[in-house]
Amino acid sequence: YECLFTGMIPEGGIILVSKWISKDPVQLVISKPRSSKIGDFRPEQHDKPARISINSGLHPVECIITIAHEFAHAENFRMFGRKVKPQGKEWKMIFRRKLMEIIDLGILEEKYKEIIESCFIKSR
């Protein structure tokens with residue numbers, strides 16, 4: 001996946017993506033830009049593996065946040081199945097933790113760190 005994400009996510013972010021894939025194996029796909037969404041998670045179905053797709057052309061910070069968002073869905077599904085709301089309190093807790101992992105890695109410029117903290121972590 002390192003070649004796939006070169007230049008797409010902040011340098012050093014592949015460490016987290018690799019960690020998340022080891023916990024929640026998915027097929028990671030880079031999609032053409034879509035107007036309806038910038039990423040999505042689809043659980044394993046029949047003979048198809050679980051899949052996360054991310055739009056190409058995103059800003060690196062937007063890309064790593066979108067990847068965290070979709071891996072939060074993957075972890076939420078693994079832990080709770082279909083019994084839980086896709087963006088309910090369990091998902092929000094997982095997503096916040098993934099965002100903190102990004103911040104703790106120290107790969108973001110201060111202005112992005114502050115935005116993420118104020119929008120997703122401190123305000124909820």
Side-chain angles (χ1 to χ4, degrees):
Y1 288 107
E2 191 163 352
C3 292
L4 183 65
F5 286 107
T6 300
M8 285 190 66
I9 60 176
E11 193 172 331
I14 194 65
I15 293 166
L16 284 179
V17 174
S18 297
K19 175 183 168 187
W20 296 338
I21 288 174
S22 69
K23 286 176 73 175
D24 290 295
V26 298
Q27 178 185 24
L28 210 44
V29 177
I30 306 302
S31 299
K32 292 179 183 175
R34 298 165 284 189
S35 59
S36 60
K37 56 187 165 185
I38 59 175
D40 72 352
F41 165 71
R42 294 181 186 218
E44 185 177 309
Q45 294 178 3
H46 307 293
D47 60 340
K48 295 181 181 180
R51 184 184 84 129
I52 288 176
S53 67
I54 305 295
N55 285 8
S56 62
L58 299 176
H59 182 280
V61 174
E62 187 178 27
C63 188
I64 192 80
I65 291 171
T66 302
I67 291 169
H69 177 108
E70 301 309 337
F71 269 102
H73 283 300
E75 184 173 335
N76 194 41
F77 187 82
R78 174 177 47 83
M79 292 175 69
F80 304 105
R82 298 186 192 279
K83 300 175 190 171
V84 68
K85 292 181 181 180
Q87 292 190 348
K89 64 181 181 181
E90 298 86 355
W91 175 85
K92 287 177 183 176
M93 181 186 69
I94 295 166
F95 183 48
R96 270 191 221 107
R97 190 182 73 241
K98 291 192 180 306
L99 291 174
M100 286 305 303
E101 288 181 75
I102 293 169
I103 289 170
D104 291 345
L105 193 58
I107 60 173
L108 300 179
E109 294 176 43
E110 190 63 28
K111 65 182 179 181
Y112 297 121
K113 177 184 165 199
E114 290 172 3
I115 291 168
I116 291 168
E117 287 177 339
S118 67
C119 291
F120 297 108
I121 297 168
K122 291 180 181 174
S123 66
R124 312 229 177 216

Approximate separation, where rounding is to 0.5 Å, of [X] [atom1] and [Y] [atom2]:
X: Asn76; Y: Glu90; atom1: CG; atom2: CD; result: 6.5 Å
X: Phe95; Y: Met100; atom1: CZ; atom2: CE; result: 12.5 Å
X: Ile54; Y: Leu28; atom1: CD1; atom2: CG; result: 6.5 Å
X: Ile21; Y: Gln27; atom1: CD1; atom2: CD; result: 11.0 Å
X: Met8; Y: Asn55; atom1: CE; atom2: CG; result: 8.5 Å
X: Met79; Y: Ile94; atom1: CE; atom2: CD1; result: 5.0 Å

Q: Please assess Lys48 against Arg42 for the test side chain to side chain contact (heavy atoms under 4.5 Å, CB included), listing each intermediate value before the final yes or no.
A: CA-CA 10 Å; Lys48 295 181 181 180; Arg42 294 181 186 218; over 6 Å; no
Q) Among all residues two or more places apart in sequence or in another chain, which pass the side chain to side chain contact (heavy atoms under 4.5 Å, CB included) test with Ile15? A) none
Q. Quick check: are there more than 12 heavy atoms from other residues, nucleotides or ligands sitting under 6.0 Å from CD of Glu11?
A. no
Q.
Around atom NZ of Lys37, are there more than 12 heavy atoms from other residues, nucleotides or ligands closer than 6.0 Å?
A. yes
Q. Residues two or more places apart in sequence or in another chain: which of them pass salt bridge (Lys or Arg N to Asp or Glu O under 4.0 Å) with Glu114?
A. none
Side-chain donor-acceptor pairs under 3.5 Å in residues 59-71, sequence neighbours left out?
unit_1: His59; atom_1: ND1; unit_2: Val61; atom_2: N; d: 3.0
unit_1: His59; atom_1: NE2; unit_2: Tyr112; atom_2: OH; d: 3.3
unit_1: Thr66; atom_1: OG1; unit_2: Glu62; atom_2: O; d: 2.7
unit_1: His69; atom_1: NE2; unit_2: His73; atom_2: NE2; d: 3.2
unit_1: His69; atom_1: NE2; unit_2: Gln87; atom_2: NE2; d: 3.1
unit_1: Glu70; atom_1: OE1; unit_2: Phe41; atom_2: N; d: 3.1
unit_1: Glu70; atom_1: OE2; unit_2: Asp40; atom_2: N; d: 3.4

Q.
Can you confirm whether Ser31 sits close enough to Ser56 that some side-chain heavy atom of one is under 4.5 Å from a side-chain heavy atom of the other?
A. no
(Q) Same cluster or not: Leu105 versus Ile103, using hydrophobic residues (I, L, V, M, F, W, Y) connected whenever any side-chain heavy atoms lie under 4.5 Å apart? (A) yes
(Q) When you group the ILVMFWY residues by side-chain heavy-atom contacts below 4.5 Å and let the links chain together, are Ile30 and Val17 in the same group? (A) yes
Q.
My understanding is that a hydrophobic cluster links ILVMFWY residues whose side chain heavy atoms are under 4.5 Å apart, including indirect links. Using that, what else belongs to the cluster containing Met93?
A. none
Q) So, does Ser53 use its side chain to make a donor-acceptor pair with the main chain of Gly39 at under 3.5 Å? A) no
(Q) The criterion is side chain to side chain donor-acceptor pair (under 3.5 Å); which residues satisfy it with Arg78, sequence neighbours excluded? (A) Asp24
Q. Can you name the residues that form a side chain to side chain donor-acceptor pair (under 3.5 Å) with Lys98, not counting sequence neighbours?
A. Glu75
Q: Return the minimal non-hydrogen interatomic distance between Pro25 and Ala50, and the atom names on each side.
A: O-CB, 4.0 Å
